[in-house]
Amino acid sequence: DASKAWMAPIAEVGLSEFPYGSVSKSDNGMMPRKMLMLRLQQMFPNFTKQHKEQDYYRSFAAQNTDDRETMENMLFAQAKMAYYDAYVSERKLAIISEQEKQLQLLIQIAEGRLAYNKASLPNIYKARARLSDLQSMRIKISSKVDQSAAIMNSLMNRQAESPLQVDTAVNLQQQPTDILMIDSIYVKTHRSDIHRITDEIHSMDIKQLVASSMSKPMSNRIIPPAIS
């Protein structure tokens, strides 16, 4: 609680009317005195200002909580997007695998029938070109799956190269969102980045109270010097 700290007391020690070496008497004929003086000083703070400053600094805790929750929401959203990309890519790879099997079977049948002049050579070339396109597409989509897996592994504090299998048996359409439930109150209570604006306004109001409390002066207590 640094806002409640007091200023350090001041202690002063000095010599008063200490004679010089060659002086034996003063002007009135009396012997000069040799005195040691001690002076203490303590500054008393403005307690109202201290309480307001304490409330002001404590208000930052709510903003830090909002920042942490906002970061969590951003990371969760990033993980969901990576999962959806991997999910859709895996489904695409499954479809491409079926198409590749069908094309390979058609090419084998056409090449067998070509010996009996019952198949067209241009059609075989077209089928091979289509198979090559599917293989290129497979490489592209597989790299996207690896990228999404690396993102999810990094968010789970795992090695980016760690194997990660996406469950494609889950039907994402069975988890609908009721759009009618999302209104301004829902957004205000569930969006930490928006809630942080309210906390910032609250901190600014407290800061104005701190500034107004500074009009009250601080008291200074001085203990009269003790002479011995």
Side-chain angles (χ1 to χ4, degrees), residues 58-112 119-203:
R58 284 180 176 176
S59 65
F60 287 109
Q63 299 182 26
N64 294 333
T65 302
D66 295 334
D67 292 338
R68 184 181 69 251
E69 293 178 354
T70 301
M71 181 59 66
E72 289 179 358
N73 293 334
M74 293 175 62
L75 294 177
F76 279 127
Q78 188 177 1
K80 287 181 180 179
M81 291 300 299
Y83 173 78
Y84 292 150
D85 290 340
Y87 178 86
V88 174
S89 299
E90 290 286 357
R91 298 293 293 268
K92 288 181 179 180
L93 289 176
I95 296 174
I96 290 175
S97 297
E98 293 295 330
Q99 292 181 353
E100 285 179 347
K101 292 179 181 179
Q102 294 176 3
L103 280 175
Q104 289 175 356
L105 180 60
L106 291 176
I107 291 172
Q108 290 178 1
I109 295 174
E111 288 177 349
S120 175
L121 187 60
N123 292 334
I124 295 176
Y125 289 153
K126 289 181 181 180
R128 289 179 178 176
R130 177 57 182 167
L131 181 60
S132 179
D133 292 339
L134 290 177
Q135 291 174 351
S136 299
M137 190 180 299
R138 169 184 286 277
I139 295 173
K140 182 179 179 180
I141 296 176
S142 297
S143 63
K144 192 171 184 179
V145 172
D146 295 337
Q147 181 181 1
S148 300
I151 293 174
M152 288 186 286
N153 283 328
S154 62
L155 292 175
M156 292 186 294
N157 197 18
R158 300 175 58 191
Q159 294 293 333
E161 298 81 8
S162 299
L164 182 64
Q165 185 66 33
V166 179
D167 187 7
T168 57
V170 179
N171 188 3
L172 300 179
Q173 296 180 356
Q174 294 179 355
Q175 302 175 359
T177 302
D178 190 1
I179 193 65
L180 298 178
M181 295 179 59
I182 302 177
D183 53 3
S184 59
I185 299 177
Y186 178 88
V187 171
K188 185 177 179 181
T189 54
H190 290 78
R191 288 287 300 273
S192 301
D193 53 344
I194 297 178
H195 192 265
R196 191 183 193 281
I197 299 176
T198 305
D199 293 333
E200 287 181 355
I201 295 174
H202 178 64
S203 297

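Index from 1, following the sequence.
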CD (E111) and CG (L121) are apart, to the nearest 0.5 Å, by 9.5 Å

Kindly compute the distance separating CG (L93) from CE (M137), expressed to the nearest 0.5 Å. 10.5 Å

Taking the side chain as everything from C-beta on, heavy atoms only, tell me whether Q99 gets closer than 4.5 Å to R130. yes

Can you tell me how far the CG atom of L106 sits from the CG atom of N123, to the nearest 0.5 Å? 11.0 Å

Side chains of E100 and I96, heavy atoms from C-beta outward: is any pair under 4.5 Å? yes

Taking every heavy atom of V145 against every heavy atom of A86, the minimum-distance pair comes out as CG2-O, 4.4 Å

Taking D85 for its side chain and S148 for its backbone only, find out whether a donor-acceptor pair lies under 3.5 Å. no

Before you tell me yes or no, could you show the steps for S192 and R68 under side-chain hydrogen bond (donor to acceptor under 3.5 Å, both in side chains), namely the whole-Å CA-CA distance, both residues' side-chain angles and the distance that decides it to 0.1 Å? CA-CA 9 Å; S192 301; R68 184 181 69 251; over 6 Å; no

Looking at every heavy atom in both V166 and Y83, which two are closest together, and how far apart are they? CG1-CE1, 3.7 Å

Heavy-atom count check: over 12 atoms from other residues, nucleotides or ligands less than 6.0 Å from Y125 OH? no

Shortest non-hydrogen contact between N153 and S162, atoms and distance: ND2-O, 2.9 Å

Rounded to the nearest 0.5 Å, what's the gap from CD1 on I107 to CG on L131? Could you check? 5.0 Å

When rounded to the nearest 0.5 angstrom, what is the spacing between CD in Q102 and CD in Q104? 11.0 Å

Hey, is the main chain of A150 close enough, under 3.5 Å, to the side chain of S154 for a donor-acceptor pair? yes

Which pair of heavy atoms, one from Q63 and one from D199, lies closest together, and at what distance? NE2-O, 3.6 Å

Heavy-atom count check: over 12 atoms from other residues, nucleotides or ligands less than 6.0 Å from R158 CZ? yes

Working to the nearest 0.5 Å, report the span between CD of E69 and CE of M74. 14.0 Å

